[in-house]
Amino acid sequence: MSQTAYTLQIAVPRPLRTLLSYSHYADAALPVGTRVLVPFGKQQSVGLVISAERAPETDNPDAPFTIKPVDAVLDAMPLPDAHLLELLQWAARYYHHPVGEVIFSALPVALRKPKPLSTRLQKLLVSSTPTAATSPNPARLQLTDEQQQCLHYIQQWNAQIPRRPILLHGITGSGKTEIYLRLIAPLFAAGKQVLVIVPEIGLTPQLLLRFAHFFGDTPMACLHSGLSDGDRLKAWLQARSGAAQIIIGTRSAIFTPAPHLALIVIDEEHDASLKQQEGFRYHARDLAIKRAQMLDIPILMGTATPSLEALYNAQTSRFHYARLERRPGTTRKPDLQIQDTRPFELQAGLTPQSLQAIRATLARGEQIMVFLNRRGFAPTLFCPSCGWHANCDHCSVKMTWHARRNRLVCHHCGAEQTTPLHCPVCKNPQLTTQGQGTERLELTLQTTFPDALVVRIDRDSTSRKGQLEDKLSTVRSNDPLILVGTQMLAKGHDFPNLTLVVIIDIDQSLLSTDYRALERLGQLLVQVAGRAGRADKPGRVILQTSQPDHPLLHQLVGHGYTPFARQLLEDRKRWHLPPFGYQALIRASSTASMEKALDFLEHVSQRLLAADGAGIQRLGPIPAPLEKRANRYRAQLLLGSQQRAALHNALHQLLQHAANLPGRSSVRWSIDIDPIEFS
DNA sequence: AGCACGCCGACT
DNA sequence: GTCGGCGTGCTC
């Protein structure tokens, strides 16, 4: 039997911006997505077939390289399917990231090595015709009229062509999950699959429980960071085969293959953890929208605090927009008030009114949360006599003092050192701490309220396994207590007896130069405030600040999130900032000096100007807000344009030359499309 | 990313 | 004279 010669385009997991050509002799073309082993320079590499076509009869005599044959075919069938590969290639172009790195970073780690799938795991791949799923658990809540109405709208929209993504803006506790469940349930009888993306808060145990309870024994695959490589691969293969009908996971789960995918749900659409902040910097929400569009399936994004991008898309009718404004069971919204800290001598970081409110709440047998987004005891250790501050040796930041461990810790690089007994400069033995951290807050609250139970929840107090669960169950016992915590407490948890939230130290965000800081603060405040007053008890939220007259803070407190966000959008429009303009951030870092990083970006900037980038606004190069981190000097160049295409064309041209930009070897550099983090 | 090649400083 | 530093180039 004569075999046919094929030319394959192969992606390899290296920072190459092209595919490589290999030859292969076989009876039939290898399917797209098949893993192969290929010769690569002096080494071998795993590779993935992107295309296969019949090789020309005669070799091109002046080809710039010789085409080598693949060494081996690793699997009997393709792993990512054709649709997923198309999405990944689109993402590689959009994010200007090397295609092989994009593709392989989307695969489970176990598939990045040149090792064939074991026969045991191959069995998981055998495409199962999904059996008619058991009907969902009938133990369901009755929908409220508002929820019913909302569900009805969404179902109508989903029947319309062309489709639009749907933004579900529902206040905390309004029952967004109920809507998700009822949209998902009808899909299973037809053997369909659904993909649910959640933020990384321990994979939202309550959401997971809710799903498990509602859908009974419908096969579910969970993909989160706690999984071992083996378990992750298994879950992935079950989704790939069609056997797992509910696929629920964090950011990277957006790359799970699902042949019968019929709906994508993005929970907490506004959440920053949906954007990868290293390497291939994709946004899972945006890729989900693209994926749904490619498959022509519905996509639903839920949140209590929509991103400005999503709100703008709703305003301009690119998204459908549904609202849930009522909490079932209670009618009262929490009472929000701003508290000026300036006239008072703070005790434990709290104003007399806040302390009084805490005392009264404890007396009623209810719970309080004091929210402070800074862990440790004190953010500064300094010498009052000569002014020395404990700085990190590796970063341009002050170190945080942790009392329990009696150590200085850098929250940026993790470096630790023992607390000095004297000032290293003037030998003064009286070193002083300054500022508030959750550790100090816990201690001072305990001293102020000696009879109260004080529970602290932050990264430091929950690092041991089971510790977080223990603390959460203490809170859920509903005994009166004071909860002290960071970010970790902002979302996903439901504490029925919590009726007072005190938020302290938000001044940093109000004064920040980062144009996204206020949006994030607004989202955080609303999310934290949403913890107060569940069930039948009214909630109260006290916002301590030394900027009580900040107009946007008033907007938020007085009129709520939507007018606040509209105001922010007006500002963004005026300055042509996203979503009214498009941005890309080029970062460079050097171990040698700031100069090196800035020089490199200066070359980048010149190249852009010389190329078609004349219409691109350039801000920088400038040192990054965090100038030095983990021994690397960091600089950035921010690019902006009102035309997305113009920006992307300029970047594309720039990258043609990226391989020979001067200084490229001594700096580490990266491109961030649609950046949301500027530090 | 890895790996080789190449061109200058301080070693037996 | 050569060992090895890392700046540069290449992988079908």
Side-chain angles (χ1 to χ4, degrees), chain A residues 4-26 29-30 32-74 85 88-89 91-92 95-115 276 278-282 587-593 595-604 607 631-633 654-672:
Chain A
T4 314
Y6 291 93
T7 303
L8 310 180
Q9 294 301 306
I10 302 284
V12 290
R14 306 291 150 100
L16 304 180
R17 293 182 180 274
T18 58
L19 299 172
L20 301 180
S21 307
Y22 290 89
S23 62
H24 182 238
Y25 296 85
L30 276 179
V32 162
T34 306
R35 286 193 311 153
V36 290
L37 187 63
V38 294
F40 184 77
K42 298 271 144 109
Q43 309 164 261
Q44 273 190 323
S45 172
V46 63
L48 205 81
V49 178
I50 300 302
S51 72
E53 57 179 37
R54 290 181 82 119
E57 295 290 316
T58 51
D59 288 354
N60 179 358
D62 42 41
F65 48 79
T66 51
I67 294 179
K68 297 179 186 173
V70 302
D71 287 332
V73 176
L74 289 171
L85 273 181
L88 290 168
Q89 287 179 89
Y95 289 104
H96 297 276
H97 199 80
V99 61
E101 286 197 336
V102 167
I103 289 173
F104 280 89
S105 70
L107 295 181
V109 186
L111 297 178
R112 298 178 204 174
K113 298 165 205 149
K115 230 182 103 190
Q276 171 110 43
E278 264 163 30
F280 167 35
R281 294 168 177 262
Y282 63 95
R587 291 173 230 259
S589 72
S590 159
T591 49
S593 67
E595 278 290 277
K596 276 248 161 66
L598 288 170
D599 278 355
F600 173 78
L601 289 178
E602 191 51 52
H603 281 117
V604 169
R607 266 285 152 68
N631 287 323
R632 301 194 70 90
Y633 296 91
L654 169 75
L655 288 169
Q656 313 273 292
H657 307 282
N660 38 23
L661 277 170
R664 85 204 120 90
S665 50
S666 60
V667 303
R668 226 182 255 170
W669 65 278
S670 66
I671 295 187
D672 190 348

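Labels below follow one simple rule: chain letters A, B, ... track the order of the sequence lines, proteins then strands, and each chain is numbered from 1. For the numbers below, each heavy atom of this structure counts, side chains included, while hydrogens, waters and symmetry mates do not.
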Of A:E101 and A:K42, the one whose closest DNA chain B nucleotide lies more 5':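 It is A:E101, whose closest nucleotide lies nearer the 5' terminus.
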Test item: A:Y22 side-chain N/O and A:D71 main-chain N/O as donor-acceptor pair under 3.5 Å: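 Not confirmed, A:Y22 side chain does not pair with A:D71 backbone.
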Interface with DNA chain B, restricted to residues 12-21 of chain A and to heavy atoms under 4.0 Å: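 Correct list: A:R14, A:P15.
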Please report, rounded to the nearest Å, how far the [atom2] atom of [N] is from the [atom1] atom of [X].
X: A:R112; N: B:dA1; atom1: CZ; atom2: P; answer: 15 Å
X: A:K596; N: C:dC6; atom1: NZ; atom2: C1'; answer: 11 Å
X: A:Q43; N: C:dC12; atom1: CD; atom2: P; answer: 10 Å
X: A:Y22; N: C:dT11; atom1: OH; atom2: P; answer: 10 Å
X: A:F65; N: C:dC10; atom1: CZ; atom2: C1'; answer: 13 Å
X: A:D71; N: C:dT11; atom1: CG; atom2: P; answer: 17 Å
X: A:Q9; N: C:dT11; atom1: CD; atom2: C1'; answer: 15 Å

For A:R281, salt bridge (charged side-chain N to carboxylate O under 4.0 Å, His left out) partners two or more places apart: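 Result, salt bridge (charged side-chain N to carboxylate O under 4.0 Å, His left out) vs A:R281: A:D672.
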Qualifying salt bridge (Lys or Arg N to Asp or Glu O under 4.0 Å) pairs, either residue in residues 43-57 of chain A, two or more places apart: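 Passing the test, one end in residues 43-57 of chain A: no pairs.
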Selection residues 34-52 of chain A - residue pairs positive for salt bridge (Lys or Arg N to Asp or Glu O under 4.0 Å), sequence neighbours left out: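 Sorted result for residues 34-52 of chain A: A:R35-A:D75.
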Positions of residues 45-53 of chain A (non-hydrogen atom under 4.0 Å from DNA chain C), listed by number: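 Within residues 45-53 of chain A, no residue comes under 4.0 Å of DNA chain C.
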Sugar-phosphate, base or nothing in reach of A:T66, heavy atoms under 4.0 Å: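 Result for A:T66 = sugar-phosphate.
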Touch class at under 4.0 angstrom, heavy-atom based, for A:F40 against every strand present: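 Base, at least one base heavy atom under 4.0 Å.
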A:T18 OG1 to A:Q9 CD distance, which is reported to the nearest 0.5 Å: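 Rounded to the nearest 0.5 Å, the OG1-CD separation comes to 9.0 Å.
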side-chain hydrogen bond (donor to acceptor under 3.5 Å, both in side chains) against A:S105, all qualifying residues, sequence neighbours excluded: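 Listed in chain order: nothing, the list is empty.
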